[in-house]
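Note that these values count all heavy atoms, side chains included, but never hydrogens, waters or copies made by symmetry. When a residue number appears, it is its place in the shown sequence, counting from 1.
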Amino acid sequence: LFLLAGRFGAAWWNGTSPYDRDTDDDGLPDGFEIDGGMDPRDNGTIDSDNGAEGDPDNDAATNFNEYTRGLDPQNWDSDSDGMNDGWENFNSLTPSYNDGTNDRDVDQLTNYEEYSYAIPVGWNVTVDGVWWNGTNPNGPDTDHDSCTDNWEITYSLDPRDDGEFMWFWNPSEEAYNLTTIAGNEVNGPNGDPDIDDANNSQEYSHGCSPRNWDSDADEMPDGWEIFFGLAAYLNNSEEDMESDGVLNLVEYNYAKPVSWSESANGVWWNGTNPRSSDTDNDTMSDAWEIFYEFDPTDDG
């Protein structure tokens, strides 16, 4: 403490310098530090929160970053859009502008929905820090499993899990997809939660539900229809694909046991071929053999 005796008593020498806009030479102007509740005389040596690399609001954005982007170093969400300044910086969003309702990657999920996906109830940013384990606002398919985030969330699949690994942000490495834990196959492209022999990738590409073995309610499983080139999203049970006189539903159900349950037993694969008029290639059509009570799946 420096005191200078004078006519009116001791002088105060521990304020800021009127000749230096950055008294402590930490890259932050005195005015910004004072307005932000920091000490413009401390470059972080005494209290790290006062320095350029400090983070008093625990938002993963340093004081220097907050300064250069016009943010509030004492508010983890400067634009009040529900997303951390640091998270927005990391994802090239605009933390000084409320863009929570925007959809940067056009995947029908707002930026805020991407940030907050799977965030635990009661998560407190000031205590728990930034939530980094949502989805990627810069890409429609966070886990790169060929199914978009929005589609997976709609059907209660995890858009961060490709079936082998669950991917998490790792901002300390300034990169994406570096932190992983073991995944669940159900969430990946080869998963089949409804046990209809159509994997998630097929269900997605054919416009079907991975949670319903019969998306179009025509009593034929999605996997069976996709395998034989039928439209699994459209009720075509009464159609006759190859015009052999046997309807698609009859082809699927041929010889199926009365007690058979798709939800319990899976897809019935021992019917006739809806793409062939002669399933067993014995020169006698399926319709003729069925009519005369021969087995159209047996060539003898």
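With no hydrogens or angles considered, no side-chain donor-acceptor pair links Ser276 and Asp278 at under 3.5 Å. Using modelled atom types, one finds no donor on one side chain facing an acceptor on the other under 3.5 Å when comparing Ser96 with Thr94. Judged by distance alone, the side chains of Asp295 and Thr297 do bring a donor and an acceptor atom under 3.5 Å apart. Of the N and O atoms on the side chains of Glu251 and Thr272, at least one donor lies less than 3.5 Å from an acceptor on the other residue. Side-chain N/O atoms of Glu242 and Ser277 include no donor and acceptor closer than 3.5 Å. A donor and an acceptor atom, one from each side chain of Asp24 and Asn43, are nowhere located under 3.5 Å apart. In this model, a donor atom of one side chain and an acceptor atom of the other lie less than 3.5 Å apart for Thr279 and Asp286.
Interatomic distance, Glu164 CD to Asp143 CG, rounded to the nearest 0.5 Å: 11.0 Å. Distance CE/Met83 to CG/Asp79: 6.5 Å, rounded to 0.5 Å. Here the straight-line distance linking atom CD of Glu289 with atom CG of Asp298 works out to 8.5 Å at 0.5 Å rounding. A distance of 9.0 Å separates CG in Asp57 from CG in Asp49, rounded to the nearest 0.5 Å. Rounded to the nearest 0.5 angstrom, Asp197 CG and Glu225 CD are separated by 13.0 Å. Once rounded to the nearest 0.5 Å, the distance linking CG of Asp222 with CG of Asn212 reads 6.5 Å.
Formation of a donor-acceptor pair under 3.5 Å by the Asn111 side chain with backbone atoms of Asp99 is found in this model. In this structure, Asp161 contributes its side chain and Asn184 its backbone to a donor-acceptor pair below 3.5 Å. Panel note: side chain Asp196, backbone Pro221; no donor-acceptor pair is recorded below 3.5 Å. Listed for the Asp149 side chain is a donor-acceptor partner under 3.5 Å among the backbone atoms of Thr142. Under a 3.5 Å cut-off, the side chain of Thr62 and the backbone N or O of Asn65 do form a donor-acceptor pair. Within the 3.5 Å criterion, the main-chain N or O of Ala118 finds no donor-acceptor partner in the side chain of Asn133. Counting only distance, with no hydrogens or angles, the side chain of Asn248 and the backbone of Asn236 share a donor-acceptor pair below 3.5 Å. Of the possible polar contacts, one joining the Asp26 side chain to the Leu28 backbone as a donor-acceptor pair under 3.5 Å is found. Panel note: side chain Asp214, backbone Asp218; a donor-acceptor pair is recorded below 3.5 Å. Remark: the backbone N or O of Asp282 is not paired with any side-chain donor or acceptor of Asp299 at under 3.5 angstrom.
Hydrophobic cluster membership for Trp268: Met220, Trp224, Phe227, Phe228, Leu230, Met241, Leu249, Tyr252, Trp260, Val267, Trp269 (Ile, Leu, Val, Met, Phe, Trp, Tyr linked by side-chain heavy atoms under 4.5 Å, directly or transitively). Taking a 4.5 Å side-chain heavy-atom cut-off between Ile, Leu, Val, Met, Phe, Trp and Tyr, the cluster of Ile153 extends to Leu109, Tyr117. The hydrophobic cluster containing Val186 also includes Trp151, Tyr155, Leu157, Tyr204, under a criterion of side-chain heavy atoms closer than 4.5 Å among ILVMFWY residues, counted directly or through chains of members. Through direct or relayed side-chain contacts under 4.5 Å between Ile, Leu, Val, Met, Phe, Trp and Tyr, Val106 connects to no other residue.
Taking all atoms of both residues into account, the shortest heavy-atom contact from Asn200 to Pro210 is OD1-CB, 3.5 Å. For Asp30 against Ser17, the heavy-atom pair with the smallest separation is OD2-O, 4.3 Å. Nearest heavy-atom pair across Asp141 and Ser146 is OD2-N, 2.9 Å. When every heavy atom of Ser215 is checked against every heavy atom of Ser209, the shortest pair comes out as OG-N, 2.8 Å. What you find for Ala232 and Asp216 is that their closest heavy atoms are O-OD2, 2.9 Å. Residue Pro159 comes nearest to Thr135 through the heavy atom pair CG-CG2, 3.5 Å, listed as atom of the first residue, atom of the second, then distance.
Side-chain contact between Phe32 and Met38 is present, with heavy atoms from C-beta onward closer than 4.5 Å. Side-chain contact between Glu114 and Asp105 is present, with heavy atoms from C-beta onward closer than 4.5 Å. Within the 4.5 Å cutoff, the side chain of Asp42 has heavy atoms near those of the Thr45 side chain. Between Ser285 and Asp244 the shortest side-chain heavy-atom distance does not fall below 4.5 Å. Put simply, the side chain of Glu113 does not reach to within 4.5 Å of the side chain of Gln108, judged on heavy atoms. Using a 4.5 Å heavy-atom threshold, the side chains of Glu88 and Asp81 count as touching. Residues Pro95 and Ser78 are not in side-chain contact: their nearest non-hydrogen atoms beyond the backbone lie 4.5 Å or more apart. Contact check for Glu53 versus Ser48: no side-chain heavy atoms found under the 4.5 Å cut-off.
A search for salt bridge (charged side-chain N to carboxylate O under 4.0 Å, His left out) contacts involving Arg21 returns nothing, not counting sequence neighbours. Residues passing the side-chain contact (heavy atoms from CB on, under 4.5 Å) test with Thr101: none are found, sequence neighbours excluded. Remark: Pro120 pairs with Trp123, Trp131 by the side-chain contact (heavy atoms from CB on, under 4.5 Å) rule, at least two apart or across chains. Residues forming a salt bridge (charged side-chain N to carboxylate O under 4.0 Å, His left out) with Glu262 (at least two apart in sequence, or on another chain): Lys256. In terms of the salt bridge (charged side-chain N to carboxylate O under 4.0 Å, His left out) criterion, residue partners of Asp158 (sequence neighbours excluded) are, by chain and number, Arg160. Under the salt bridge (charged side-chain N to carboxylate O under 4.0 Å, His left out) criterion, Asp39 pairs with Arg41, sequence neighbours left out. The side-chain contact (heavy atoms from CB on, under 4.5 Å) search around Ser205 returns none, not counting sequence neighbours.
Residues Val246 and Phe291 are members of separate hydrophobic clusters, defined by side-chain heavy-atom contacts under 4.5 angstrom among Ile, Leu, Val, Met, Phe, Trp and Tyr. No chain of hydrophobic side-chain contacts below 4.5 Å, direct or via other Ile, Leu, Val, Met, Phe, Trp or Tyr residues, connects Tyr254 to Met284. Criterion: ILVMFWY side-chain heavy atoms under 4.5 Å apart, direct or through other members. Under it, Tyr97 and Leu71 are not part of a common hydrophobic cluster. Trp288 and Leu247 fall into different hydrophobic clusters, defined by Ile, Leu, Val, Met, Phe, Trp and Tyr side-chain heavy atoms under 4.5 Å apart, directly or through other members.
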Worked check of side-chain hydrogen bond (donor to acceptor under 3.5 Å, both in side chains) between Asn84 and Tyr115: CA-CA 9 Å; Asn84 297 78; Tyr115 166 71; 2.4 Å; yes

Arg104/Asn91 under side chain to side chain contact (heavy atoms under 4.5 Å, CB included): CA gap, chis, key distance, verdict: CA-CA 10 Å; Arg104 183 179 178 85; Asn91 288 292; over 6 Å; no

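A salt bridge (Lys or Arg N to Asp or Glu O under 4.0 Å) check over residues 62-77, counting only residues at least two apart or in different chains, returns nothing.
Applying the 6.0 Å contact sphere to CD of Glu239 captures more than 12 heavy atoms from other residues, nucleotides or ligands.
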